[in-house]
Amino acid sequence: MPFVAGGGEGWLAGMWLADGKTVSTGLVGAYLGVELAKRLVGVRAKTGDGFALPLALALAVGRWGCYFHGCCHGRPTDLPWAADFGDGVGRHPTQAYESLFHLALVGCCWPLFGGTPCAATG
C-alpha cells in the first residue's frame, strides 16, 4: 500500500495519519464520499472511469509541488540525476519518477478513452 509509513502509535497513526499522506488519505475520503452520495441519490451506474485520466494528470502536476517543496524525496543515491533538497545529500527524485509514471499512464490510456480525458466507459 502506498500510504504505509513507519512511526506513530498503532495502525491508524502509522499508516493513515503519517506525514505526507494527504493525497492518499484524501482519495480514500473522496471515494467513500462519492459512493455514499451515489447510494443516497440512487445512482447505480459506474462513475469512476471518467476520473482516471484527470486524476492521473492532477497527480502528475501535484508531485512537482512536492519536488519544489523538497518533501517526499527518496533514498540517497550517487546517480547523476540525484536531487539535493537542501541537506547536501543527493537523493532519488521520487516525485519526478511518480510524475513521469502518471504522464506515461495518461499517454497509454488516452486511446482507451477515445482521446477524451473525461469519457466514461461502461
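- Below 30°, between 30° and 60°, or above 60°: for Tyr67 and Trp64 the angle between ring planes is above 60°, a perpendicular geometry.
- The minimum heavy-atom distance between Pro93 and Ala83, with the atom names listed, is CB-CB, 4.3 Å.
- Checked against ring-ring contact (aromatic ring centres under 6.0 Å, His included), His69 has no partners two or more places apart in sequence or in another chain.
- Between Arg75 atom CZ and Thr94 atom OG1 the span is 11.0 Å, to the nearest 0.5 Å.
- By the side-chain contact (heavy atoms from CB on, under 4.5 Å) test, Val89 pairs with Pro76, Asp87, Arg91, sequence neighbours left out.
- The distance from atom CG of Leu59 to atom CG of Leu103, rounded to the nearest 0.5 Å, is 10.5 Å.
- The other members of the hydrophobic cluster of Val41, by chain and number, are Val43 (side-chain heavy atoms under 4.5 Å, ILVMFWY only).
- What you find for Val106 and Leu53 is that their closest heavy atoms are CA-CD2, 3.8 Å.
- Taking the six-membered ring for Trp and thresholds of 30 and 60 degrees, Phe85 and His73 have nearly parallel ring planes, at less than 30 degrees apart.
- Gln95 places a side-chain N or O within donor-acceptor distance of the main-chain N or O of Cys71, the cut-off being under 3.5 Å.
- In this structure a side-chain-to-backbone donor-acceptor pair under 3.5 Å is present from Lys38 to Ala45.
- Counted within 6.0 Å of OH on Tyr31, heavy atoms from surrounding residues, nucleotides or ligands total 12 or fewer; the atom is thus considered open.
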